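Here is the structure we will look at.
From a predicted model like this one, the values you see are computed outputs, not experimental measurements.
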Amino acid sequence: MRAAPTILHLDMDAFYASVEQASKPSLRGKAVIVGGLGPRGVVATASYEARRFGVHSAMPMGQARRLCPNGAFLIPRFTLYRQVSDIVMAMLRELSPLVEPLSLDEAFVDLEAGGVAFDSDSARATGERLRADIRAATGLSGSVGLAGSKMLAKVASEEAKPAGLLLIEPGTERELLAPMSVRTLPGVGPATGEHLRRAGITTVGELAEAGEDELVRMVGRAHGAGLYRMALGLDDRPVVAERDAKSVSVEDTFDVDLHDRVRIRGEVQRLSDRCVQRLRGSGHSGRTIVLKVRRYDFSTLTRSETLRGPTDDPAVVREAAARLLEAVDTTGGVRLLGVGVTGLADYTQEDLFAQSSAAEAEAKAEHEESGAGGESGAGGAVGGAEAEEAGGGTGPSEGAERPGEAQQAPERRWTAGSDVRHVLYGPGWVQGSGVGRVTVRFERPGSEPGRVRTFRVDDPELEPSDPLPLVGDLS
């Protein structure tokens with residue numbers, strides 16, 4: 001614990017939904033729900049307007065639609081979210097060399113290490129200036145907590161939401177925490193909270209009064225001792241600048257259970273390629289390949305294989321994942337597939353390219369097939385955000401093209417929330433599509449709410465587009 005509140009916790013308010021509202025003027029002040037749009041999709045973020053209807057993150061999208069039928073339901077646009085996050089994180093690193101990102105929209109900052117705050121007044125001034133700078137640079141609001149420890153700083157930012165700042169003066173921690181619910185403390189989830197409630201403990205103050213020995217008896221030594229320290233406001237964890245990734249993985253949930261073994265193998269190969277893309281993007285290689293399969297009855301199986309050394313070769317990862325799949329019974333159907341890589345390193349083992357003679361042949365065959373249609377897409381996957389970004393697909397067509405027959409171009413897919421640009425009307429976003437038509441609202445960040453127009457899904461003057469920045473050059 002520090003004698004001054006120089007640990008800052010920033011949490012952007014309803015980040016994904018707020019970015020969408022800033023990007024789409026017609027949605028400002030409206031209920032916005034971001035997540036997977038299929039029947040098995042889940043809510044990633046809900047705007048504060050949507051939360052009034054009971055919508056919250058991790059809720060099934062079908063339930064969210066029932067609670068808030070008039071809300072705007074959009075796919076995540078992680079390209080834009082990362083761009084905004086990079087701006088915010090760069091501002092935090094100007095304050096201190098010790099910045100510990102927790103996610104795209106959340107981070108701890110050690111203000112004392114940056115020499116920008118040493119007492120309550122300077123910490124508060126720094127926090128207020130940061131909030132103003134973020135608003136000016138992104139148009140978004142963030143909530144700031146300031147305290148002498150990471151735990152209390154996070155509690156403070158949560159209490160400050162939305163768009164506020166709360167500073168916890170050292171020495172007032174127990175008084176502030178005492179009336180709060182035990183669920184306020186990190187690590188106290190629904191199960192632990194219910195266990196404590198049955199024992200008559202519902203507030204942090206009651207947790208502290210119970211004493212360490214009683215808590216150890218109730219929830220075990222490691223958890224009980226930690227709970228007691230947190231109830232007293234004690235937390236000595238430092239702000240750590242770099243958080244080493246332990247694994248890289250991707251997964252997709254499917255609208256309809258997959259039964260075709262060939263289709264399942266194809267999905268595993270596609271996921272392997274996506275996983276390697278993410279692996280390379282992070283500058284890592286990995287030694288252990290992991291396959292995750294959730295079957296029709298919700299039972300989840302994981303299988304893993306450890307290679308001789310780390311690799312980032314897509315053929316090696318595909319082959320290992322395929323071997324793992326052979327050991328899994330998928331007869332009843334598959335609702336989710338995932339591929340991951342663990343045992344990360346920052347180098348590759350070159351001799352892995354010779355791990356199997358099949359790797360080169362497989363890569364060559366795929367290259368030859370790419371001229372005849374290539375990858376068919378996510379097959380309606382809705383669980384992974386990247387699948388939603390890509391717009392998914394409809395799976396392989398029935399039968400092959402016969403000589404002399406004209407090949408019919410596949411229908412273009414337009415997913416709600418995705419960015420487009422029209423030759424005449426400029427930038428806009430998809431409100432919805434169906435029955436061969438796509439509806440687009442033409443507006444841009446900072447503009448007035450725009451007009452809505454409808455086009456054929458194959459209109460040659462309408463094209464997918466990159467997202468526009470929230471502020472600055474919007475051309």
Quick one, E20 with Y81, criterion side-chain contact (heavy atoms from CB on, under 4.5 Å). Give me CA distance, side-chain angles, the key distance, then yes/no. CA-CA 9 Å; E20 298 298 341; Y81 305 156; 2.6 Å; yes

Are there over 12 heavy-atom neighbours, none belonging to [X], within less than 6.0 Å of that residue's [atom1]?
| X | atom1 | answer |
| --- | --- | --- |
| R451 | CZ | no |
| R261 | CZ | yes |
| K30 | NZ | no |
| E326 | CD | yes |

Verify, without hydrogens or angle tests, whether [X] (side chain) and [Y] (backbone) share a donor-acceptor contact under 3.5 angstrom.
| X | Y | answer |
| --- | --- | --- |
| R335 | F254 | no |
| H223 | V188 | no |
| S47 | V32 | yes |
| S433 | W414 | yes |
| S282 | L279 | yes |
| E443 | S26 | yes |
| E100 | V239 | no |

Considering only heavy atoms from C-beta outward, does the side chain of [X] approach that of [Y] to under 4.5 Å?
| X | Y | answer |
| --- | --- | --- |
| L307 | V316 | yes |
| V144 | H9 | no |
| L104 | R82 | yes |
| V440 | Y425 | no |
| I75 | V34 | no |
| L80 | V19 | yes |
| L74 | K24 | yes |
| S18 | L140 | yes |

Check the side chains of [Y] and [X] for a donor-acceptor pair under 3.5 angstrom, ignoring hydrogens and angles.
| X | Y | result |
| --- | --- | --- |
| R77 | S23 | yes |
| D13 | S143 | yes |
| D297 | S299 | yes |
| R437 | T454 | no |

Please identify each residue that fulfils salt bridge (charged side-chain N to carboxylate O under 4.0 Å, His left out) with R265, with sequence neighbours left out.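 With neighbours one apart ignored, the set is empty.
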
Minimal non-hydrogen separation, [X] against [Y], with atom names:
| X | Y | value |
| --- | --- | --- |
| L291 | A321 | CD2-O, 4.1 Å |
| A241 | P101 | O-CD, 4.1 Å |
| G193 | R183 | CA-CD, 4.2 Å |
| E251 | G338 | CB-CA, 3.7 Å |
| G446 | P25 | N-CG, 4.4 Å |
| V339 | L271 | CG2-CB, 3.8 Å |

Rounded at 0.5 Å granularity, tell me how far [atom1] in [X] sits from [atom2] in [Y].
| X | Y | atom1 | atom2 | answer |
| --- | --- | --- | --- | --- |
| R295 | T331 | CZ | OG1 | 8.5 Å |
| D257 | I264 | CG | CD1 | 9.5 Å |
| L462 | R456 | CG | CZ | 10.5 Å |
| L337 | T253 | CG | OG1 | 9.0 Å |
| S157 | F108 | OG | CZ | 7.5 Å |
| K154 | K150 | NZ | NZ | 10.5 Å |

Show the numbers, then the answer: is there a side-chain contact (heavy atoms from CB on, under 4.5 Å) between T342 and V290? CA-CA 8 Å; T342 66; V290 180; 4.2 Å; yes

Describe, in one word, how the ring planes of F455 and F442 are oriented to each other, choosing from parallel (under 30°), tilted (30 to 60°) and perpendicular (over 60°).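 Perpendicular.
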
Measure the acute angle between the ring planes of Y16 and F78, then classify it against the limits of 30° and 60° as parallel, tilted or perpendicular.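 Rings of Y16 and F78: perpendicular, as their planes differ by over 60°.
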
With sequence neighbours excluded, tell me which residues meet side-chain contact (heavy atoms from CB on, under 4.5 Å) with R303.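 For R303, the residues satisfying side-chain contact (heavy atoms from CB on, under 4.5 Å) (neighbours in sequence not counted) are L301, L324, V328.
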
Side chain to side chain donor-acceptor pair (under 3.5 Å) evaluation trace for T300 with R294: CA-CA 4 Å; T300 302; R294 181 166 296 151; 2.9 Å; yes

Assess the residue pair R323 and E305 against the criterion (side-chain contact (heavy atoms from CB on, under 4.5 Å)); give the C-alpha distance rounded to whole Å, side-chain angles, the decisive distance to 0.1 Å, and a yes or no. CA-CA 9 Å; R323 285 195 298 271; E305 176 181 320; 2.4 Å; yes

Got a salt bridge between [X] and [Y], using NZ or NE/NH1/NH2 to carboxylate O under 4.0 Å?
| X | Y | answer |
| --- | --- | --- |
| D312 | R280 | yes |
| D466 | R421 | no |
| E267 | R263 | yes |
| D252 | R270 | yes |

Sequence-distant partners of Y296, ring pair (Phe, Tyr, Trp, His ring centres under 6.0 Å), two or more places apart: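 Here no residue qualifies.
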
Are T306 and T288 close enough, and set up right, to give a side chain to side chain donor-acceptor pair (under 3.5 Å), and what steps lead you there? CA-CA 4 Å; T306 299; T288 299; 3.1 Å; yes

Would you please test T311 and D313 for side chain to side chain donor-acceptor pair (under 3.5 Å) and show each step? CA-CA 6 Å; T311 183; D313 178 33; 5.1 Å; no

With side-chain contact (heavy atoms from CB on, under 4.5 Å) as the test, pick out the partner of M61 among V42, V43, V55.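 The residue from V42, V43, V55 that satisfies side-chain contact (heavy atoms from CB on, under 4.5 Å) with M61 turns out to be V43.
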
